[in-house]
Amino acid sequence: MPQKPSSHLGRYGERTRLVHAGRDPFQQHGFVNTPIYRGSTVLYPTTDDFLHRRAPFTYGTHGTPTIRSLETAWSDLAGAATTVLTPSGLAAITIALMSAVKAGDHILVTDSVYRPTRTFCEGMLTRFGIETTYYDPAVGAGIAALMRPNTTVVFTEAPGSQTFEMQDIPAIAKIAHAAGACVMMDNTWATPLFFPPHERGVDICIEAGTKYLSGGSDLLLGLTSANEAWAKRLRTTFDAFAMCAGPEDVFLGLRGLRTMALRLREHEKQAFDMARWLAERPEVARVLHPGLESDPGHAIWKRDFTGASGLFTVILKEASPAALAAMLDGLELFGMGASWGGFESLVLPFDPATYRTATRWQAEGPALRFHIGLEDLDDLKRDLDAGFARLRAG
Ligand SMILES: *Cc1c(COP(=O)(O)O)cnc(C)c1O
């Protein structure tokens with residue numbers, strides 16, 4: 001049951017839509033926000049209504065007013081025909097893939113993909129007779145050479161959330177569509193605010209709401225949106241799994257949505273400042289941030305994106321594991337941990353060489369992924385300055 005798109009908001013700007021989308025105060029006694037509906041059973045007033053399932057809501061797994069609020073708002077923001085909410089970003093990815101594959105299919109997945117997506121393809125999809133080929137994220141129109149008669153999905157992620165390669169999504173979509181394949185994108189980094197996925201040719205798009213929709217590192221949520229062509233398949237698959245999100249998390253997602261544009265612009269500003277500062281450091285070999293003029297993906301970013309979020313990577317010059325650990329262990333403000341998108345700054349070391357298959361990861365030294373939060377930049381720089389001193393001493 002795809003929800004009606006809230007097309008009446010289309011004439012407004014993005015920030016206005018973020019404030020108004022998916023709310024109907026006079027359905028809630030005038031209260032500004034849709035409350036948390038919890039529930040399994042939905043009662044029908046008459047036998048006739050029950051037999052014909054004539055009600056806006058039919059059972060807890062098929063949605064509640066709280067869920068419908070965020071689905072509608074997200075469809076409006078993403079320019080989608082429908083959105084389903086899942087209990088995590090990874091669940092949003094698996095629901096997207098399960099909507100489009102069947103036994104005997106072949107799918108193409110970018111080598112820069114979020115690593116658990118790779119695990120799902122290799123573990124689960126292989127078991128069901130679906131073959132995955134990883135491709136160079138910079139492939140562009142060259143994807144044509146990798147398409148087989150049974151290729152049904154081209155999965156993209158731009159930029160890659162560790163290594164930050166950009167992808168030419170419109171060029172890839174054109175070729176995939178000509179072959180009848182479904183184009184998927186993990187758009188968690190940009191959100192629809194900085195990259196309008198469906199307008200650029202993406203059929204099914206994934207957002208880990210755990211990141212910027214939350215903004216607080218306090219919930220797990222996934223959003224999978226689809227264009228008109230894929231809306232029904234996505235909704236049917238979602239209903240079959242009943243992989244529904246929890247009411248509190250959805251409510252917090254709605255709360256985050258209202259301020260997401262402001263937070264993203266601030267993360268963007270802070271991250272640009274830190275990325276430029278880091279690029280000047282003698283300990284740093286390169287900064288991977290598509291918004292920087294020096295980045296190989298900058299031209300595509302400039303053409304297709306309207307902003308950059310707070311996540312980027314720094315390649316250090318050669319350093320010993322002990323020196324790197326001394327640098328990171330002594331940091332006072334940067335936390336070390338997975339996930340990102342919250343108000344706090346994070347850093348983590350990673351090594352793509354251990355899992356890449358289609359491309360060879362070449363780096364001068366260790367890679368550090370940074371998420372820049374909302375702290376004072378001077379404090380963050382002092383923290384890293386002291387860290388770099390420990391790195392040099394090691
Ligand atoms: C975090 C993340 C996900 C998964 O989100 P979870 O809610 O943690 O499952 C998916 N894609 C990208 C790019 C992410 O960074």
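We use all heavy atoms of the structure for the numbers below, so side chains are in, but hydrogens, waters and symmetry mates are not. In each ligand, atom 1 is the first atom listed, and ligand 1 is the first ligand listed. No experiment lies behind these values; they were computed from the predicted model shown.
Under a 4.0 angstrom heavy-atom cut-off, Trp189 registers as lying outside contact with ligand 1.
For Gly89, a nitrogen or oxygen atom sits less than 3.5 Å from a nitrogen or oxygen atom of ligand 1, counting backbone and side chain alike. The distance criterion of under 3.5 Å between nitrogen or oxygen atoms is met by Leu90 with respect to ligand 1. Close N/O approach between Thr210 and ligand 1 is found [any backbone or side-chain N/O within under 3.5 Å].
In the vicinity of Trp340, heavy-atom distances shorter than 4.0 Å reach the ligand 1 atoms 15 (O). Proximity to Ile93 (heavy-atom distance under 4.0 Å) selects the following atoms of ligand 1: 10 (C). Counting the atoms of ligand 1 from 1 in the order shown, those under 4.0 Å from a heavy atom of Glu157 are 13 (C). The atoms of ligand 1 that sit less than 4.0 Å from any heavy atom of Ser161 are 13 (C).
Judged purely by atom type and a 3.5 angstrom limit, Trp189 has no side-chain atom pairing as donor or acceptor with the backbone of Glu157. Distance alone, capped at 3.5 Å, places no donor-acceptor pair between the Asp273 side chain and the Gln270 backbone. For Thr210 (side chain) and Leu221 (main-chain N/O), a donor-acceptor pair under 3.5 Å exists by modelled atom type.
Classified by interplanar angle (parallel below 30°, tilted 30° to 60°, perpendicular above 60°), the ring pair Phe272/His289 is tilted. Using bins of under 30°, 30° to 60° and over 60° for the plane-to-plane angle, the ring pair His267/Tyr212 lands in the tilted bin.
For atom 8 (O) of ligand 1, the closest heavy atom belonging to the protein is Tyr114 OH, 4.0 Å. Asp186 OD2, 3.4 Å is the protein heavy atom nearest to atom 12 (C) of ligand 1. Protein heavy atom nearest atom 2 (C) of ligand 1, with residue, atom name and distance: Lys211 NZ, 2.4 Å.
We find the OG1-CZ distance between Thr64 and Phe251 to be 12.0 Å, quoted to the nearest 0.5 Å.
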Worksheet entry | CA sep, side-chain torsions, deciding dist, call: Arg68, Thr72, side-chain hydrogen bond (donor to acceptor under 3.5 Å, both in side chains) | CA-CA 6 Å; Arg68 204 66 82 231; Thr72 307; over 6 Å; no

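Cation-pi geometry between Lys381 and Phe334 is not met: the NZ or CZ atom fails to fall both under 6.0 Å from the ring centre and inside 45° of the normal.
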